[in-house]
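Note that the structure is a prediction, hence the values are computed from the model and not measured.
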Amino acid sequence: MEERNYEQRREKLLELLESRRLKSLQNELEDMNEFDIAEFLTELGEEDKQKMAMVFRLLSKGQGAEVFAELDAPEQQEIIGSITDKELGYIIEEMYVDDAVDMMEELPANIVKRVMRTATPETRALINQYLKYPENSAGSIMTAEFVDLKKYMNVRESIARIRRVGEDKETIYVCYVTNAHRRLEGVVTVKDLLLHDDEAAIEDIMDRNVIFVRTTDDRSEAAERISDYDLLAIPVVDREDRLVGIVTVDDVIDVLEEETTEDFDLMSGVSPSDTPYSRAGVLELWKRRIPWLMFLMLSATFTSMIITRFEDALAKTAVLTGFIPMLMGTGGNSGSQSSTAVIRSLSIGDTEPGDILRVVWKEIRVAVLCGLALAVVNFFKMMLIDRFLLGNDGVTALVALTVSVTLVFVVIFAKAVGCTLPMAAEKIGIDPAVMASPLISTITDAVSLLIYFALATVMLHI
């Protein structure tokens, strides 16, 4: 329903724009959500950037700042190029600091200089402070727009303060209690304030057991704690336990989306990038994909060397060659299953690198069951289909048994490698997603052949 309403409104906006009924267009925009306006401007910019800039200037100052924060960097850059320094300065002052910092990290240096020049000294100092925090740290994604209270205040005074300063804050539903030195001492919600008498002291109703993160903690740590404790926001403190900002749930959603996209890229053998697929050019996609493809192609040399090494054995029992793709594919699939499950478990904090022995033992038991099931089915498949239905006399019971036994060992090895490599990567500080399917498949391909030829040599005497 909402998607259909947006499409209908979009058509109306385009009609008003084409007919130059700008006042009616402005009235329509006033009633729209900022995200929908940003989406409309993005679609408009793909066709005509001048029209996008013109429509943006129809927005009121407050609405324009909120819409600007929803736009991606290319659209923001285009808008900045079409407005005056005074208008740009107003937008920067109205934006939340974390949104402004995110924008700075995406824009070209010359645009950043202009933005910083139009900001007030206070805002400029705050942005510079945030930019100094380590990349991907909690400090780099926090916002300074929060409500803080003192423990000696009462409920009536606290509500009055929220009314006075809350309009420009990112959230007012959770307030943080600090002492005279800005050290975090407790947390209180608006619900707590409304359910207590006006004269009740904040010190008596606040929760002293505050969940927090430090500015230097990884941003994923903030995301994990917000998720684990069902928080709307989490306070961020410095080394001296002074409250310097908060990370809100909307920031966490952005973090999770970015990290999930990065993991998908790595697991697919693609170098991560902040540029969405729809905006990435052919050359950029080539640069992101070719390193892994080149590495995997060259690493397949080991597979070729193994096959060449056993070329004489294969010539004696040529039927074995037909089952190589099946064994290699099964090994790669088995390793991918384990690596994907373990990487996901690590990312949500379900397992830690210290659990490696427990995880490996579990995966080996699963591998034995999977390997035996596949071996039994494969043995009967080879005897019934390959030998009798397809008439391949080379597929004897001993050959079928050799391939089936190989399957068991290949699956066990692949699953052991699939769970071990991601946990080892996490232990040494590498993204576990790097050890995903492309790399594991390459390793299991080579080892699968070694296992296959070793068993064939022993069981078939070749």
Side-chain angles (χ1 to χ4, degrees), residues 300 302-343 345 356-423 435-462:
F302 295 107
T303 304
S304 301
M305 292 170 60
I306 294 170
I307 293 177
T308 303
R309 169 68 178 78
F310 290 93
E311 191 173 11
D312 293 338
L314 287 174
K316 295 177 182 178
T317 315
V319 69
L320 294 177
T321 306
F323 301 104
I324 289 177
M326 182 270 292
L327 290 170
M328 294 170 62
T330 301
N333 293 336
S334 299
S336 297
Q337 283 184 338
S338 295
S339 66
T340 302
V342 171
I343 290 170
S345 182
I356 186 168
L357 293 179
R358 178 176 61 84
V359 172
V360 170
W361 174 232
K362 175 182 287 188
E363 285 297 319
I364 287 177
R365 286 180 290 168
V366 172
V368 169
L369 294 175
C370 290
L372 290 174
L374 291 171
V376 171
V377 172
N378 178 72
F379 181 84
F380 286 106
K381 188 273 294 184
M382 290 180 67
M383 296 304 296
L384 293 176
I385 297 178
D386 294 273
R387 181 173 178 81
F388 294 108
L389 292 182
L390 299 180
N392 190 343
D393 294 333
V395 180
T396 63
L398 191 56
V399 168
L401 183 62
T402 301
V403 176
S404 299
V405 172
T406 301
L407 263 178
V408 176
F409 286 102
V410 165
V411 172
I412 292 174
F413 174 81
K415 287 194 175 294
V417 171
C419 68
T420 302
L421 288 184
M423 301 196 78
M435 304 297 181
S437 52
L439 183 58
I440 291 174
S441 294
T442 301
I443 295 173
T444 55
D445 284 351
V447 176
S448 296
L449 287 176
L450 289 174
I451 294 173
Y452 187 33
F453 292 135
L455 287 175
T457 301
V458 173
M459 298 179 69
L460 299 177
H461 306 291
I462 58 176

- Message: Give me the atom names and distance for the closest heavy-atom approach of Phe379 to Ala397.
- Response: CE1-O, 3.5 Å
- More than 12 heavy atoms from other groups under 6.0 Å of CZ on Phe413: yes
- Item | Approximate separation, where rounding is to 0.5 Å, of Thr396 OG1 and Met382 CE | 8.0 Å
- With a 4.5 Å limit on heavy-atom distance, are the side chains of Met328 and Thr303 in contact? yes
- Task: In sequence, state the C-alpha distance, the side-chain angles, and the governing distance for Ile385 and Leu390, and then conclude on side-chain contact (heavy atoms from CB on, under 4.5 Å).
- Result: CA-CA 6 Å; Ile385 297 178; Leu390 299 180; 4.2 Å; yes
- Task: Kindly give the heavy-atom pair with the smallest separation between Val410 and Gly331, and that separation in Å.
- Result: CG1-CA, 3.6 Å
- Test log, rule side-chain contact (heavy atoms from CB on, under 4.5 Å), inputs Val395 and Phe323: CA-CA 11 Å; Val395 180; Phe323 301 104; 4.1 Å; yes
- Message: Does any part of the side chain of Leu384, heavy atoms only, come nearer than 4.5 Å to the side chain of Leu389, both counted from C-beta?
- Response: no
- Task: For side-chain contact (heavy atoms from CB on, under 4.5 Å), just list the numbers for Met326 and Val403, CA-CA rounded to whole Å, side-chain angles, deciding distance to a tenth of an Å, and then say yes or no.
- Result: CA-CA 10 Å; Met326 182 270 292; Val403 176; 3.7 Å; yes
- Rounded to the nearest 0.5 Å, how far apart are OG1 of Thr402 and CE of Met459? 4.0 Å
- Message: Please determine whether side-chain contact (heavy atoms from CB on, under 4.5 Å) holds for the pair Val408 and Val368, giving the CA-CA distance in whole Å, both sets of side-chain angles, and the decisive distance to 0.1 Å.
- Response: CA-CA 7 Å; Val408 176; Val368 169; 5.8 Å; no
Show me the donor-acceptor pairs within less than 3.5 Å that the side chains of residues 443-455 make with the rest of the protein, sequence neighbours left out.
from	atom 1	to	atom 2	distance (Å)
Thr444	OG1	Ile440	O	2.9
Thr444	OG1	Ser441	O	3.1
Ser448	OG	Thr444	O	2.5
Tyr452	OH	Leu320	O	2.9

- Task: May I ask you to decide if Ala341's main-chain N or O and Ser345's side chain share a donor-acceptor pair within less than 3.5 Å?
- Result: no
- Query: Judged by atom type as modelled, is there a donor-acceptor pair below 3.5 Å linking the side chain of Ser339 to the main-chain atoms of Gly418?
  - Reply: no
- Query: If you look only at pairs with a residue in residues 374-401, which of them pass as a salt bridge (charged side-chain N to carboxylate O under 4.0 Å, His left out), with sequence neighbours excluded?
  - Reply: Lys381-Asp386
- Query: Atom CG in Asn378, atom OG1 in Thr406: separation rounded to 0.5 Å?
  - Reply: 9.5 Å
- Value rounded to 0.5 Å, distance of SG in Cys419 from CH2 in Trp361: 12.5 Å
- Message: So, taking the atom named CD in Glu363 and the one named CD in Gln337, what distance separates them when rounded to the nearest 0.5 Å?
- Response: 9.0 Å
- Query: Around atom CZ of Arg365, are there more than 12 heavy atoms of other residues, nucleotides or ligands at under 6.0 Å?
  - Reply: yes
- Task: Kindly compute the distance separating CG (Asn333) from NZ (Lys415), expressed to the nearest 0.5 Å.
- Result: 9.5 Å
